[in-house]
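Keep in mind that this is a model prediction, so the values were computed, not measured. Every number for a ligand or one of its atoms is a count from 1 in the order of the listing.
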Amino acid sequence: MNQNPPACSVQNLTRIFGSADQPVVAVDDVTVAIGKGSFTAVMGPSGSGKSTLMHCMAGLDRPTRGEVFIGNENIARLPEKAVTRVRRDSVGFVFQSFNLLPTLTAEQNILLPLELAGRRVDRAVFNELTTSLGLTDRLRHRPSQLSGGQQQRVAVARAMMSDPEVVFADEPTGALDQRTGTALLEYLQRRSRQHGQTII
Ligand code: ADP
Ligand code: MG
């Protein structure tokens, strides 16, 4: 076993959608390793396969071919139940469209993954995260009562609450105005540097 593996890596990853007679090759034989604590940007034009790559790396989608490692665990070879566990324990995901649950408060949204996993909530981590994200006076609000930037900061706190091996953020600023988006990217970069959080 690799004693100091990258946080996440893929080998010869291919993902093909569609039927055999009309295949869409979304990701074509990609090999990449993401170092622990790094802040990595995946860049390319619309439709070039960025989301598909990240979904496969995060265990949200299955590759057609190839290997996907989160730490030492090859999730491409694990049964679905085990992938769900790795995703829950080792991965955070931030979507462009926030994906918060509308009936829950900000605090409940942030804590939901830990509660579903039956894991203890570390209040110190919760307080530190929500303070650094400027959310302390918004914790009892529902998503509809929050601005886009605030909703995305709730989603970031939710993704980071479990101290995951990797946080994936797929165009996290795509629904935000430029100033709010820049501030969010700066936060993610600072978080990576100060806490050694791997962010893609
Ligand atoms: P990006 O995130 O870089 O814009 P995507 O990964 O979303 O690119 O898409 C890559 C290619 O795969 C596109 O041609 C897209 O139409 C196709 N694709 C993505 N998801 C699906 C799907 N679920 N079914 C069929 N084709 C898909
Ligand atoms: Mg995309």
The Mg ion (ligand 2) neighbourhood, protein N/O/S only, threshold under 2.8 Å: S51 OG

Main-chain N/O of R87 paired with S90 side-chain donor or acceptor, under 3.5 Å: no

Can you give me every donor-acceptor pair (side chain of residues 111-121, partner residue at least two apart or in another chain, under 3.5 Å) with its distance?
none

N-O pairing of K50 and D170 below 4.0 Å: no

Pi-cation contact, Y187 with R190 (under 6.0 Å, within 45°): no

Residue pair G66 / A76: nearest heavy atoms and the distance that separates them: O-CB, 3.5 Å

Tabulation required: pairs of a nitrogen or oxygen in ligand 1 and a protein nitrogen or oxygen under 3.5 Å; columns are atom names and distance to 0.1 Å; otherwise 'none'.
from: ligand 1; atom 1: 2 (O); to: S51; atom 2: N; distance (Å): 2.9
from: ligand 1; atom 1: 2 (O); to: S51; atom 2: OG; distance (Å): 2.9
from: ligand 1; atom 1: 3 (O); to: S48; atom 2: N; distance (Å): 3.2
from: ligand 1; atom 1: 3 (O); to: G49; atom 2: N; distance (Å): 3.0
from: ligand 1; atom 1: 3 (O); to: K50; atom 2: N; distance (Å): 2.9
from: ligand 1; atom 1: 3 (O); to: K50; atom 2: NZ; distance (Å): 2.8
from: ligand 1; atom 1: 4 (O); to: G47; atom 2: N; distance (Å): 2.7
from: ligand 1; atom 1: 6 (O); to: T52; atom 2: N; distance (Å): 2.9
from: ligand 1; atom 1: 6 (O); to: T52; atom 2: OG1; distance (Å): 2.5
from: ligand 1; atom 1: 8 (O); to: G49; atom 2: N; distance (Å): 3.1

Which atom of C8 lies closest to which atom of I70, heavy atoms considered: SG-CD1, 4.0 Å

For residues 135-146, tabulate all N or O donor-acceptor pairs below 3.5 Å that involve a side-chain atom, not counting sequence neighbours.
from: R142; atom 1: NH1; to: T103; atom 2: O; distance (Å): 2.5
from: Q145; atom 1: OE1; to: R142; atom 2: N; distance (Å): 2.8

Side-chain (T14) to main-chain (D29) donor-acceptor, under 3.5 angstrom: yes

Ring geometry between F95 and H55 (parallel below 30°, tilted from 30 to 60°, perpendicular above 60°): tilted

